[in-house]
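All values derive from a computational prediction rather than experimental measurement. Along the sequence shown, the residues carry numbers beginning at 1.
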Amino acid sequence: MARPRFQNLDAGTRNKILETAAIGFAANGFDGTSLNRLIENLGISKGSFYYYFDDKADLFCTVIDHAWKTMLPDADIDLSALDGDSYWPAIESVLREAHDRVRTNPWLVGLGSLFYNPPDVPEIRAALGDLFSRAREWQAELIRRGQTIGVVRDDLPVGLLQSLLVGADEAADRWFVRNWTRMDDDEIERVTGEVFAIFRRMMEPQPND
């Protein structure tokens with residue numbers, strides 16, 4: 001991750017650097033992105049770049065972390081407060097808010113594919129692995145809470161339910177990345193709602209439970 005001194009920059013400058021880098025990585029991939037060209041596009045000197053980052057991989061990891069926090073800054077739901085009436089609306093709200101932030105930050109779209117196809121660089125894979133690991137822990141806790149209050153099926157193990165959900169979620173994410181720019185806001189809203197409905201039907205207790 002970026003050196004602590006990078007955080008001393010004002011938020012606008014930090015965001016401009018990271019989002020410009022995100023656009024470059026999204027357009028050319030990690031290996032296809034020239035560091036010299038990227039530094040030029042960032043509008044900083046090479047000396048300034050190495051003052052803030054160790055190398056291109058360090059910048060990439062910082063960009064990924066910034067993207068994750070931009071898309072899901074408030075993903076932490078108070079699970080203990082969820083009940084039968086609030087559980088599913090709360091999850092739908094998280095999904096819709098994430099898509100709203102993508103609309104506001106279109107640079108996230110191109111970068112999205114790199115989450116699932118990262119370069120074969122140990123520190124990048126480790127950084128992504130840490131992000132996904134924390135997300136999986138939260139998902140498992142969310143499923144357990146749903147089972148406790150009776151709105152998530154309990155006829156299958158949590159691990160299996162989570163695997164099914166992760167697979168469906170990844171498939172949806174990949175589809176959205178490929179098709180995002182072809183849809184207007186109304187279509188994004190409609191498809192988001194239908195995808196959520198599929199997730200919910202898959203996870204809810206079955207009639208014979």
Derivation and outcome, side chain to side chain contact (heavy atoms under 4.5 Å, CB included), residues Leu108 and Asn105
CA-CA 6 Å; Leu108 287 167; Asn105 301 276; 3.8 Å; yes

The test is side chain to side chain contact (heavy atoms under 4.5 Å, CB included); show your working for Leu35 and Asp55 and say whether it passes.
CA-CA 9 Å; Leu35 180 57; Asp55 50 27; 5.9 Å; no

Chi angles and distances behind the side chain to side chain contact (heavy atoms under 4.5 Å, CB included) call for Trp138, Ile77
CA-CA 9 Å; Trp138 183 81; Ile77 299 173; 3.9 Å; yes

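The salt bridge (Lys or Arg N to Asp or Glu O under 4.0 Å) check on Asp83 picks up nothing, with sequence neighbours excluded. Partners of His99 according to the ring-ring contact (aromatic ring centres under 6.0 Å, His included) rule, which considers only residues two or more places apart in sequence or in another chain, are Phe176, Trp180. Taking Arg174 as the reference, Tyr116, Asn117, Glu170, Arg178 meet the side-chain contact (heavy atoms from CB on, under 4.5 Å) condition, with sequence neighbours excluded. Listed by chain and residue number, nothing satisfies the side chain to side chain donor-acceptor pair (under 3.5 Å) test with Asn15 (two or more places apart in sequence, or in another chain). Taking Asp58 as the reference, nothing meets the salt bridge (Lys or Arg N to Asp or Glu O under 4.0 Å) condition, with sequence neighbours excluded. Not counting sequence neighbours, the partners of Asn28 by the side-chain contact (heavy atoms from CB on, under 4.5 Å) test are Thr33. The ring-ring contact (aromatic ring centres under 6.0 Å, His included) search around Phe53 returns Phe6, Phe49, not counting sequence neighbours. Under the side-chain contact (heavy atoms from CB on, under 4.5 Å) criterion, Leu114 pairs with Phe25, Phe60, Leu111, sequence neighbours left out. Remark: Glu40 engages no residue in a side chain to side chain donor-acceptor pair (under 3.5 Å) (not counting sequence neighbours). In this structure Val151 satisfies the side-chain contact (heavy atoms from CB on, under 4.5 Å) test together with Tyr87, Trp88, Ile149, sequence neighbours excluded. Residues meeting the side chain to side chain donor-acceptor pair (under 3.5 Å) test with Asn41, sequence neighbours left out: none.
For the side chain to side chain contact (heavy atoms under 4.5 Å, CB included) with Val63, the qualifying choice from Ile23, Leu18, Thr20 is Leu18, the only one to do so.
Taking 4.5 Å as the limit, some side-chain heavy atom of Leu9 sits within range of a side-chain heavy atom of Ile17. Looking at Val177 and Asp173, their side chains never come closer than 4.5 Å, going by heavy atoms from C-beta outward. Within the 4.5 Å cutoff, side-chain heavy atoms of Asp100 are placed close to those of Glu189. Side-chain contact check for Trp175 versus Val191: some heavy-atom pair is nearer than 4.5 Å.
The nearest pair of heavy atoms linking His66 to Thr70 is O-OG1, 2.7 Å. Nearest heavy atoms, Gln162 versus Arg136: NE2-O, 2.6 Å. The heavy-atom pair separating Glu204 from Arg153 by the smallest distance is O-CB, 3.7 Å. Minimum heavy-atom separation, Met203 to Leu161: CE-CB, 3.9 Å. Taking all atoms of both residues into account, the shortest heavy-atom contact from Ala98 to Leu72 is CB-CD2, 3.9 Å. Residue Ala168 comes nearest to Met202 through the heavy atom pair CB-CE, 4.1 Å, listed as atom of the first residue, atom of the second, then distance.
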What pairs of donor and acceptor atoms, side-chain ones from residues 121-133 against any protein atom, are under 3.5 angstrom apart with sequence neighbours left out?
residue, atom, partner, partner atom, Å
Arg125, NE, Pro119, O, 3.4
Arg125, NE, Asp120, OD1, 3.3
Arg125, NH2, Pro118, O, 3.3
Asp130, OD2, Arg134, NE, 3.3
Asp130, OD2, Arg134, NH2, 3.1

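Within the model, atoms CG of Asp169 and CG of Leu164 stand 12.5 Å from one another, a figure rounded to the nearest 0.5 Å. Distance check, rounded to the nearest 0.5 Å: CG of Leu38 to CG of Leu59 gives 6.0 Å. Taking CG of Asp184 as the reference point, atom CZ of Arg190 lies at 10.0 Å (rounded to 0.5 Å). Atoms CD1 and NZ, on Ile44 and Lys46 in that order, are 11.5 Å from each other to the nearest 0.5 Å. Atom-to-atom distance recorded for Gln7:CD and Met1:CE is 7.5 Å, nearest 0.5 angstrom. Distance CZ/Phe115 to CD1/Ile64: 4.0 Å, rounded to 0.5 Å.
For Arg182 and Asn179, the side-chain atoms include at least one donor-acceptor pair closer than 3.5 Å. Remark: the Asn36 side chain and the Ser34 side chain contain no N/O donor-acceptor pair separated by less than 3.5 Å. Asp10 and Thr13 share a side-chain donor-acceptor pair at under 3.5 Å.
Under a 3.5 Å cut-off, the side chain of Arg145 and the backbone N or O of Leu79 do form a donor-acceptor pair.
Val158 and Val166 fall into different hydrophobic clusters, where Ile, Leu, Val, Met, Phe, Trp and Tyr side chains are chained together by heavy-atom contacts under 4.5 Å. No single ILVMFWY cluster, assembled from side-chain heavy atoms under 4.5 Å apart, contains both Ile198 and Val152.
No salt bridge links Arg144 with Glu141; every basic N to acidic carboxylate O contact stays at or beyond 4.0 Å.
Annotation: cation-pi geometry not satisfied between Arg3 and Tyr51 (NZ/CZ under 6.0 angstrom from ring centroid, within 45° of ring axis).
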